[in-house]
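In what follows, a single structure is set out as structure tokens and then discussed.
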Amino acid sequence: MIYIILLCAVFVTTIAFVVYLQYVKKDKGPRFSAPPIRRQSSSMQLSPMKKNVPGKLEDGRSKQAPQALAGSADAAKLAEGKKLLIVDDQPLIRLMLAELFQKAGFTVYEAADGLNALEQFERYGADCILLDFMLPDMDGLDVLCAIRKSDANVKVLLITAYGEPEKIEAAAELGITEWIEKPFDTDQLLNRVLALV
């Protein structure tokens with residue numbers, strides 16, 4: 001009985017989140033600032049990302065200011081031929097992200113749990129992975145560890161509703177590219193993925 005109540009609460013919360021995002025995008029209503037995306041530094045300490053600052057990525061490619069990418073022709077060029085794996089146990093979040101990234105030009109694969117994510121990654125590969133920290137069958141760190149054994153260079157953005165510093169540090173040691181807290185701004189997330197691929 002408690003399980004059903006919790007499941008209903010998660011479902012209602014997810015619906016409310018998606019409706020809110022649709023309201024903000026359609027009506028251009030008030031935007032509440034999302035927590036900043038954090039990027040791993042070379043010393044394995046995570047620090048806030050600077051917003052809207054053009055510059056260079058670690059591999060020397062130039063990146064554009066984040067606001068310039070989302071929805072532009074440049075976004076489609078950057079995403080063309082790139083594969084994205086979305087790993088989240090909430091179907092509406094997966095649906096929302098899949099739609100966002102498919103419109104941007106990515107080939108999108110989805111997984112609802114850790115085992116499915118590893119199967120999808122082995123079968124199709126990925127240029128970037130959006131990995132939820134809390135999954136029903138495995139911890140996000142276990143999935144990340146298995147992915148790193150297969151491919152040490154794939155870009156992994158960890159999505160978490162729990163900003164537990166010790167777990168973020170453990171993920172940093174396993175080589176996450178960035179992490180972002182829920183709720184997140186979809187345009188900002190899209191721009192970070194475009195800058196990485």
Side-chain angles (χ1 to χ4, degrees), residues 1-27 29 31-32 34-35 37 70-71 75 79 82-147 150-151 154-164 167-168 171 176-194 196-197:
M1 182 67 172
I2 292 175
Y3 179 75
I4 293 172
I5 293 171
L6 288 175
L7 186 61
C8 289
V10 169
F11 181 75
V12 169
T13 304
T14 304
I15 294 284
F17 178 71
V18 171
V19 169
Y20 167 74
L21 289 176
Q22 294 301 321
Y23 162 77
V24 169
K25 288 194 182 262
K26 281 184 182 175
D27 298 335
R31 277 201 164 303
F32 300 100
I37 296 178
K82 302 293 183 182
K83 294 184 277 187
L84 178 74
L85 175 59
I86 299 171
V87 185
D88 198 305
D89 58 330
Q90 296 181 4
L92 293 175
I93 299 249
R94 279 197 323 273
L95 178 68
M96 176 189 64
L97 292 175
E99 184 177 312
L100 174 75
F101 284 99
Q102 285 170 344
K103 284 182 180 176
F106 283 89
T107 300
V108 175
Y109 302 98
E110 299 176 40
D113 57 52
L115 290 175
N116 192 305
L118 295 174
E119 290 171 5
Q120 296 277 352
F121 185 70
E122 285 297 316
R123 182 178 298 139
Y124 303 111
D127 296 295
C128 186
I129 300 171
L130 300 179
L131 177 61
D132 189 14
F133 192 77
M134 299 297 287
L135 297 169
D137 61 341
M138 308 174 70
D139 188 78
L141 290 176
D142 296 332
V143 176
L144 179 59
C145 186
I147 287 170
S150 176
D151 185 344
V154 67
K155 308 293 184 194
V156 179
L157 278 80
L158 188 67
I159 301 172
T160 180
Y162 316 97
E164 299 176 24
K167 292 194 176 189
I168 298 298
I176 59 168
T177 309
E178 296 188 17
W179 68 279
I180 185 171
E181 288 183 24
K182 290 179 182 177
F184 48 82
D185 180 274
T186 55
D187 287 338
Q188 187 181 25
L189 179 61
L190 173 60
N191 288 329
R192 291 310 309 141
V193 171
L194 288 169
L196 290 172
V197 298

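Contact record, L131 with G140: CD2-O, 3.5 Å, taken as the closest heavy-atom pair. Of all non-hydrogen atoms in A112 and P136, the two that sit nearest each other are O-CD, 3.8 Å. Pairing each heavy atom of V143 with each of A117, the nearest pair is CG1-CB, 4.4 Å. The shortest heavy-atom contact between K155 and L196 is CE-O, 3.9 Å. F121 and S150 make their closest contact through CE2-OG, 3.7 Å (heavy atoms, listed as atom of the first residue, atom of the second, distance). Contact record, D113 with L115: OD1-N, 3.3 Å, taken as the closest heavy-atom pair.
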Under 3.5 Å, sequence neighbours excluded: what are the donor-acceptor pairs made by side chains of residues 82-89?
residue	atom	partner	partner atom	Å
K83	NZ	Y124	O	2.5
D88	OD1	Q90	N	2.9
D88	OD2	K182	NZ	3.2

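One distance of note links CD of Q102 with OG1 of T107; it measures 8.5 Å at 0.5 Å rounding. How far CG of L97 is from CG of L92: 11.0 Å, rounded to the nearest 0.5 Å. Remark: I180 CD1 to R192 CZ distance equals 10.0 Å, nearest 0.5 Å. Atom OH of Y109 is separated from atom CD1 of I129 by 12.5 Å, given to the nearest 0.5 angstrom. One distance of note links CD of E178 with CG of L189; it measures 9.0 Å at 0.5 Å rounding. In this structure, F184 CZ and L157 CG are separated by 10.5 Å, a value rounded to the nearest 0.5 Å.
Side-chain contact between L130 and V193 is present, with heavy atoms from C-beta onward closer than 4.5 Å. When side chains are defined from C-beta on, L194 counts as touching F106, because their heavy atoms get closer than 4.5 Å.
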Please report the C-alpha distance between N116 and D137 in whole Å, then the side-chain angles of each, then the deciding distance to 0.1 Å, and finally whether the side chain to side chain contact (heavy atoms under 4.5 Å, CB included) criterion is met. CA-CA 10 Å; N116 192 305; D137 61 341; over 6 Å; no
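Checked by atom type and distance alone, the side chain of T160 never pairs as donor or acceptor with a backbone atom of E181 at under 3.5 Å.
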